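Data first, discussion second: the structure below is written as structure tokens.
What you are looking at is a predicted structure, and each value in this text was computed from that prediction instead of being measured. Along the sequence shown, residues carry numbers from 1.
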Amino acid sequence: MSMGEGGRKTDRDVELLFPERTVTVTCPDTKKETDVIVTELSLLDQLTVQAECAALFGALAACCTEEDDPDACRSRGRSERTAISG
């Protein structure tokens, strides 16, 4: 890995280690496309996000199981989202 002046990481180093990608996703209900920027996180950032989102991840896991059909998951997901944000 190349280092900048004084042994510091350069912007190019950060771009190589944690690249950003733009991904287009389509809402299954409205068919509207939206661009989402996806960034790779460092291990510390990943652990922080995981800890902060544990309740959300648990609610999502409880919302749907593999046996559920997609429409049932989608309607339950809306009520779960309301409960989480409220």
Side-chain angles (χ1 to χ4, degrees):
M1 174 169 60
S2 63
M3 294 294 213
E5 202 174 306
R8 295 189 183 123
K9 292 181 187 174
T10 65
D11 288 340
R12 178 156 163 61
D13 295 327
V14 173
E15 288 175 24
L16 290 172
L17 290 171
F18 306 109
E20 287 187 353
R21 301 285 186 257
T22 301
V23 179
T24 302
V25 295
T26 304
C27 175
D29 295 328
T30 65
K31 308 296 186 220
K32 181 180 176 185
E33 291 185 346
T34 303
D35 287 341
V36 177
I37 298 174
V38 180
T39 304
E40 187 172 344
L41 299 176
S42 68
L43 177 60
L44 179 59
D45 289 339
Q46 290 176 37
L47 294 172
T48 301
V49 168
Q50 186 176 7
E52 291 176 357
C53 294
L56 172 63
F57 296 156
L60 291 172
C63 171
C64 295
T65 65
E66 290 181 20
E67 295 83 32
D68 285 330
D69 70 62
D71 291 330
C73 285
R74 197 178 343 250
S75 63
R76 261 191 284 156
R78 289 190 182 103
S79 62
E80 289 290 328
R81 233 178 311 165
T82 303
I84 292 169
S85 63

Looking only at non-hydrogen atoms, find the nearest pair between Ile37 and Glu20 and report the distance. CG2-OE1, 3.8 Å
Please set out all donor-acceptor pairs under 3.5 angstrom arising from side-chain atoms of residues 48-63, sequence neighbours excluded.
from	atom 1	to	atom 2	distance (Å)
Thr48	OG1	Leu44	O	2.9

Would you say Val38 and Leu41 are hydrophobically clustered, going by side-chain heavy atoms of ILVMFWY under 4.5 Å? no
Could you list the residues that satisfy side chain to side chain donor-acceptor pair (under 3.5 Å) with Thr24, not counting sequence neighbours? Asp35
